[in-house]
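Working notes for the structure below.
Values below: every heavy atom of this structure, side chains too, minus hydrogens, waters and symmetry copies. First listed ligand is number 1; within each ligand, the first listed atom is number 1.
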Amino acid sequence: MKDRKKIYPKEAADVFARERLSARRYGHTLRVADTAEELARVHGIDPDRARLAGLLHDATRELSPDEFLHLAQSWRLPVGEPERESPKLLHGPVAAELARRELGVEDGEVLDAIREHTTGRPEMGPLSLVLYVADKVEPARDYPSVGRLRRLSREDLRGAAAESLRRSIAHNEERGRPTHPASIATLAWLEKTEEGA
Ligand SMILES: [Fe+2]
Ligand SMILES: [Fe+2]
């Protein structure tokens, strides 16, 4: 594992994701990486770092609930009630920690983006917003508002993140499922700054 650090990080990240994921999820990973890279370019953010975050974001998505809880516990990652109920919510934080430990990724904003991509976080930075939105609008995503969201993502990243959060909260409500408190807080943060803009 150690000599991975010598390889150019994006290639190492590609292998890292590919060997942990089914073809279907690896395909999603590549589309998110492409979309994140493109969105970063549009918004004046470093496209290489966006691609790296995209490649790594779902790397642990196929672990079992027990594995998520076990790794989170042994690495002392925060585990709240929502994560205990639905351990796959930990796939971002666990992927970020694994990327740090095994790939030697030390870029804090890349790690934050990976960590926060499922729920969002109030005050999340531009790279986190890029990944959050790219995950929702990659070319294979297909839901009624995706075309509008894709256009919005190029004009207004924060607006696109807010719209996407509103959609997922509404979706949860329709299905009687709780929304993670971090998502509600992130939407409130985005809406507050939208109003102030
Ligand atoms: Fe994910
Ligand atoms: Fe994803």
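- To the nearest 0.5 Å, the span separating CD on Glu97 from CD1 on Ile114 amounts to 11.0 Å.
- Protein N/O/S atoms closer than 2.8 Å to the Fe ion (ligand 2): His28 NE2, His57 NE2, Asp58 OD2, Asp135 OD1.
- In this structure, CZ in Arg25 is found 4.5 Å from CZ in Arg61, a value given to the nearest 0.5 Å.
- A donor and an acceptor atom, one from each side chain of His91 and Glu62, are nowhere located under 3.5 Å apart.
- In this structure, Arg158 is positioned above the aromatic face of Trp189, its NZ or CZ under 6.0 Å from the six-membered ring centre and within 45° of the axis.
- Side chain of His43 to main chain of Ser153: a donor-acceptor pair is present (N/O by atom type, distance under 3.5 Å, no hydrogens or angles).
- For Glu106, the side-chain contact (heavy atoms from CB on, under 4.5 Å) criterion is met by no residue, not counting sequence neighbours.
- When distances from the Fe ion (ligand 1) to the N, O or S atoms of His91 are compared, NE2 comes out shortest.
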